[in-house]
Amino acid sequence: MTEESKKHRFLTTEQAAEELNVSSNQIRALLKTGELRAIQVGGRGMWRIGVNDLENYIARAYRRTEERITSGDFVDDAEPGADYPQ
């Protein structure tokens with residue numbers, strides 16, 4: 001987590017997207033499917049994502065990835081020549 005996000009209990013969709021290095025649209029898609037928990041606040045229904053909820057999502061993603069690797073169901077979608085851990 002960045003120092004800024006450690007100061008706050010809740011993040012905007014933009015801040016969560018920055019933490020995961022994805023687009024805000026991807027965060028909204030995760031919210032829509034329920035894969036990432038969040039709340040809506042205020043009259044305009046702005047989304048706020050709890051820092052703990054984002055950390056839990058990340059932990060679940062690591063577990064799912066580990067399970068896929070262990071089961072042999074892992075597909076490497078990296079571009080040819082991409083730099084990734086081995």
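In this text, all values refer to a predicted model and were calculated from it rather than measured experimentally.
Atoms CD and CD1, on Q15 and I49 in that order, are 9.0 Å from each other to the nearest 0.5 Å.
Residue M46 is not grouped with residue I39 when hydrophobic side chains (ILVMFWY) are merged at heavy-atom distances under 4.5 angstrom, including chains of intermediate members.
Partners of R37 according to the salt bridge (charged side-chain N to carboxylate O under 4.0 Å, His left out) rule, which considers only residues two or more places apart in sequence or in another chain, are D53.
Screening residues 59-70 for side-chain hydrogen bond (donor to acceptor under 3.5 Å, both in side chains) gives E35-R64 as the qualifying pairs, with residues at least two apart or on separate chains. Note on residues 39-50: no pairs pass side-chain hydrogen bond (donor to acceptor under 3.5 Å, both in side chains), not counting sequence neighbours.
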For a side-chain contact (heavy atoms from CB on, under 4.5 Å) check, start with the C-alpha distance between R9 and V51, then their side-chain angles and the critical distance, and finish with the verdict.
CA-CA 6 Å; R9 181 175 176 185; V51 171; 5.7 Å; no
Would you mind writing out the side-chain donor-acceptor pairs for residues 21-31 within the sub-3.5 Å range, not counting sequence neighbours?
residue, atom, partner, partner atom, Å
S23, OG, N25, N, 3.4
S23, OG, Q26, N, 3.1
N25, OD1, R28, NH2, 3.3
R28, NH1, T13, OG1, 3.4

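Side-chain contact check for L36 versus N56: every heavy-atom pair is 4.5 Å or farther apart.
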